[in-house]
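Shown next, in structure tokens, is the structure this report addresses.
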Amino acid sequence: MIEDLRRQLREICRVRLSLSEAELPPFSVEHPARAEHGDLATNLAMALARPLRRAPRELAGLLQAELRSLPGVERCEVAGPGFINLYYSKDHWRQVLPRVLETGPDFGRTRADRPERVQIEFVSANPTGPLHFGHGRGAVVGDVLARLLQFTGHTVEREFYVNDAGAQVRNLALSVVFRLRELRGLAGEFPADGYRGAYVIDLARRLPAALTKFLPGEPGEPDLRAIMDFCVEQNLADIQRDLAAFGVGMDRYASEREVLSSGRMQEVFAELERQGALEDREGARWFSAERFGDEKPRVLVKSDGSHTYFATDLAYHLDKLRRGFERLIDVWGADHHGYVPRMKAGLKAFGHPPEKLEVVLVQMVSLLRGGQPVVMSKRAGEIVTLREVIEEVGADAARFFFLLRSPDGQMEFDLELAKKRSLENPVFYVQYGHARLCSILARAAERGLPVPDPGSVRQADLGCLDHPLEIELLKVMARFPEAVLSAAQGRAPHLVVYYLQELVGRFHHYYTATARESPILSGDPARLTARLLWVQALRQVLQNGLALLGVSAPERMEQLPEEEGPA
RNA sequence: GUGCCCAUAGCUCAGCUGGAUAGAGCGUCGGACUACGAAUCCGAAGGCCAGAGGUUCGAAUCCUCUUGGGCACGCCA
């Protein structure tokens, strides 16, 4: 709608004011917060006032005459300092119904003006242990961003970068060896920077016999490599299982080892060398990142000869671009924010515009239980895993909660709250709305009332929908595609959540407001038909929104227990 | 010390590419079930948008400074 009007306004400016595209000042078109300001409002007249050296209200009057004759426009007013407020006819809004019901699951899908091949890298947790609950936020933000970008016309691939070559995996293997020896009653010393979590002991127990042959001696390098492989494989399998349980899918798992063995590293060094952007100093090899917008040089090869994480990650990012992606989106924990200029500098050195890489920083999550912080000791390896959270509150609630806040704000995640079947828990509010809509349709069928097929919407007399709240809901439905678009463009999945809360809220309001004098399942056949189509459309929009969030849309909510059992 | 993020109702947060009288949920108080699901709804109270300057027709939104929080500043990832 907004885009339609924007287009129409540009056209009017071109024809009536002989303004070229380039001469058009930026102007707003929005859904005003207040109903008295119409269905859509624009500040175009005010924006034009300065360049045209004419009074805003005078220009507004001029535009008003044109806007009045636009299809669907019922009223057009000039208000305040020069706002133009447009009111559309009820019939115009009723046309949302065929759009929703005929496109079904595709309602809200848009074609991007400029579709891009996007690669979105997220989670990318080290394969050194299970996913932490905090990974959940990045996982769901990345997942929903991918869904949103796809739904708005882009080609998206989701990728998980596995750091399977670094020192961390070696540390884990050493920790596993220590636990193994411990299990066998052999002496040993806990490795420096070792992993303390209980899962390390599990890994030691699960080591295949072939990998423990070195006992009671110490593992040689080949033994250790084999144990590293085993650990990576096991941990990755666990991670994949947890992501699947969380509704997060990946198209590809990229491996750091592959980057190292691909020859890409050599190419990276050769190119940097050619540019004189490499410097050997203090036994290490440095990239002159400060020449490309970063603060200072960064180490690529450590004095022990191994690559830094940055070195392989840069090669990996260059490889993504080589694969033809026009845009790279990385979802990182905010504690990595200092890393952004470094990576952009790296891309710049290779002639890529740094804007191609977009980093969505996801802020920290603090875990609470009934308002109290959950105590965790990272040192002792006591962490709350994503799996535990999913098992306790369910994937739907966990996803919804992570999506409730803008990614760039810190948030609290209260386990008790996420489990509550109550008003405090917004997941159930939205899901209940869907269940309620389903329930109405089920009840209609039960009573033998004719439930119209969505495909018959063009035959129905939609004029029967004349309750102000019914029209209001039509307007909200019509806004769905815009809500999706702004969520996608703003990399802000929470906007979809807010939209759904509004949609459901207005429906609940309508439901109770009409329950007494005019329930949905009442009235003459034409009216009933129109309302049942309206209900189906609402349900469809709700389903589409929930699908974007990866949250289920249950047909009925499980019954609450009448009372809590004895404690 | 330097850089990034944040500061909006008692609490948790939207709104931030400048627009009209700043919103929602929870919590508090008061109401609505012989009814399509009360897991819902209605109403009330609650604000110097951290503070101070600036930019302009117009600022929660943009700029500067201050204060108060978080994070990052390693040859860790």
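So that the names make sense, note that chain A is the first sequence line, chain B the second, and so on, each numbered from 1. Just so you know, these numbers use all the heavy atoms, side chains as well, and skip hydrogens, waters and symmetry mates.
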| task | Would you check if A:D313 and A:Y161 make a side-chain contact, meaning some heavy-atom pair closer than 4.5 Å? | result | yes

| said: Within the 4.0 Å heavy-atom criterion, would you say A:N171 contacts the bases, only the backbone, or no part of the nucleic acid? | reply: nothing

| Within 45° cone of A:F190 ring axis and under 6.0 Å: A:R196 NZ or CZ | yes

| Does any non-hydrogen side-chain atom of A:M265 lie less than 4.5 Å from one of A:T312? | yes

| request: Give the intermediate values and the outcome of salt bridge (charged side-chain N to carboxylate O under 4.0 Å, His left out) for residues A:D330 and A:K320. | output: CA-CA 12 Å; A:D330 285 3; A:K320 297 190 203 185; 3.2 Å; yes

| query | When the ring centroid of A:H307 is compared with that of A:F269, is the distance short of 6.0 Å? | reply | yes

| message | I want to verify the glycosidic state of B:rC33; is it syn or anti under the 90° rule? | response | syn

| said: Could you check whether A:R479 pairs with A:D39 (Lys NZ or Arg NE/NH1/NH2 to Asp/Glu carboxylate O, under 4.0 Å)? | reply: no

| task | Look at the side-chain N and O atoms of A:K296 and state whether any lies under 4.0 Å from the OP1 or OP2 oxygen of B:rG3. | result | no

| said: Stacking between B:rA14 and A:H494, yes or no? Criterion: centroid separation under 5.5 angstrom, plane angle under 30 degrees. | reply: no

| Selected nucleotide, minimal atom distance to A:D408 side chain, candidates B:rG19, B:rC6, B:rA32 | B:rC6

| task | Mind calculating the distance between CD (A:Q536) and P (B:rC36) to the nearest angstrom? | result | 20 Å

| Distance between the P atoms of B:rG3 and B:rC13, in whole angstroms? | 27 Å

| query | Taking the side chain of A:A515 as heavy atoms from C-beta outward, which of B:rC36, B:rC13, B:rC75 is closest to it? | reply | B:rC36

| said: Looking at A:R257 and A:D229, is there a salt bridge between them, counting it only when a charged N and a carboxylate O are closer than 4.0 Å? | reply: yes

| request: Have a look at A:M46 and say if it touches a base, only the backbone sugar-phosphate, or nothing, with a 4.0 Å heavy-atom cut-off. | output: base

| request: Answer with yes or no after comparing the ring centroid distance for A:F133 and A:F413 against a 6.0 Å cut-off, counting only values under it. | output: no

| field | Touch class at under 4.0 angstrom, heavy-atom based, for A:T128 against every strand present | value | nothing

| Just how far, in rounded Å, is P of B:rG15 from CD of A:E482? | 17 Å

| Expressed in whole Å, how much space separates the P atoms belonging to B:rG46 and B:rG10? | 11 Å

| Taking the C1' atom of each, how far is B:rC26 from B:rU67, in whole Å? | 29 Å

| Does the B:rA20 base have a donor-acceptor partner in the side chain of A:N43 within less than 3.5 Å? | no

Collect all protein-nucleotide pairs involving nucleotides 68-71 of chain B in which both atoms are nitrogen or oxygen and the distance is under 3.5 Å.
unit_1	atom_1	unit_2	atom_2	d
B:rG70	O2'	A:Q410	NE2	2.8

| query | So what does A:A41 hit on the nucleic acid, given a heavy-atom distance under 4.0 Å: a base, only sugar-phosphate, or nothing? | reply | base

| request: Side chain of A:T512 only, please: which of B:rC41, B:rC36, B:rG15 is the nearest? | output: B:rC41

| Considering only B:rC36, B:rC75, B:rA20, which nucleotide approaches the side chain of A:S303 most closely? | B:rC75

| Rounded interatomic separation in angstrom, taking CZ from A:F83 and C1' from B:rG18 | 10 Å

| said: Applying a 3.5 angstrom cut-off to the pairing atoms, does RNA chain B sit in any stems of at least three consecutive Watson-Crick or G-U pairs? List them by first number. | reply: B:1-5 with B:69-73, B:10-13 with B:23-26, B:28-32 with B:40-44, B:50-54 with B:62-66

| request: Check every atom of B:rC36, B:rA35, B:rA20 against the side chain of A:T514 and return the nucleotide holding the closest atom. | output: B:rC36

| said: OP1 or OP2 of B:rC36 versus the side-chain N and O atoms of A:R436: is any pair under 4.0 Å? | reply: no

| remark: Rounded to whole Å, the NE2-C1' distance (A:H31 to B:rA14) equals 17 Å

| message | I need the residues from residues 500-511 of chain A with at least one non-hydrogen atom less than 4.0 Å from RNA chain B; give them sorted by number, or say none. | response | A:H508, A:H509, A:Y511

| Salt bridge flag under 4.0 Å for residues A:K296 and A:E290 | no

| task | For A:L441, answer base if it contacts any base atom (sugar-phosphate contacts may also be present), sugar-phosphate if it contacts only those atoms, and nothing otherwise; contact means non-hydrogen atoms under 4.0 Å. | result | nothing

| task | For A:R447, answer base if it contacts any base atom (sugar-phosphate contacts may also be present), sugar-phosphate if it contacts only those atoms, and nothing otherwise; contact means non-hydrogen atoms under 4.0 Å. | result | sugar-phosphate

| With a non-hydrogen cut-off below 4.0 angstrom, is A:E36 in contact with a base, only sugar-phosphate, or nothing? | base

| request: For nucleotides B:rC63 and B:rG27, find the distance between their C1' atoms and express it as a whole number of Å. | output: 38 Å

| task | Could you say whether the aromatic ring of A:Y498 and the base of B:rA24 stack, counting only centre distances under 5.5 Å and plane angles under 30°? | result | no

| query | If you check the A:R405 side chain, which of B:rC41, B:rC13, B:rG15 turns out closest? | reply | B:rC13

| said: Could you tell me how far B:rC65 sits from B:rC11 if I compare only their C1' atoms? Round to whole Å. | reply: 31 Å

| request: Cation-pi check, A:R6 to A:F27: give yes when NZ or CZ is under 6.0 Å from the six-membered ring centre and within 45° of the ring axis, no otherwise. | output: yes

| request: In whole angstrom, give me the gap between the C1' atoms of B:rC6 and B:rU61. | output: 15 Å

| query | Do we see a donor-acceptor contact under 3.5 Å between the side chains of A:T128 and A:Q168? | reply | no

| Under a 4.5 Å cut-off applied to non-hydrogen side-chain atoms, are A:S518 and A:R531 in contact? | yes

| field | Whole-angstrom distance between B:rA24 and B:rA9, as gauged at atom C1' | value | 11 Å

| Base of B:rC75 paired with side chain of A:T308 (donor-acceptor, under 3.5 Å) | no

| request: Using heavy atoms to find the nearest nucleotide of RNA chain B for A:W286 and A:A79 separately, return the residue whose nucleotide is more 5′. | output: A:A79

| B:rA32 P sits how many Å from A:E517 CD, rounded? | 18 Å

| Verdict with supporting geometry, A:E3 and A:R7, salt bridge (charged side-chain N to carboxylate O under 4.0 Å, His left out) | CA-CA 6 Å; A:E3 278 312 308; A:R7 221 181 340 267; 5.1 Å; no

| query | Is the number of heavy atoms from other residues, nucleotides or ligands under 6.0 Å of A:D280 CG greater than 12? | reply | yes

| A:R516 has a side chain; which of B:rA20, B:rA35, B:rA77 sits nearest to it? | B:rA35

| task | Would you mind checking if A:E472 and A:K475 are paired as a salt bridge, meaning a charged N to carboxylate O distance below 4.0 Å? | result | no

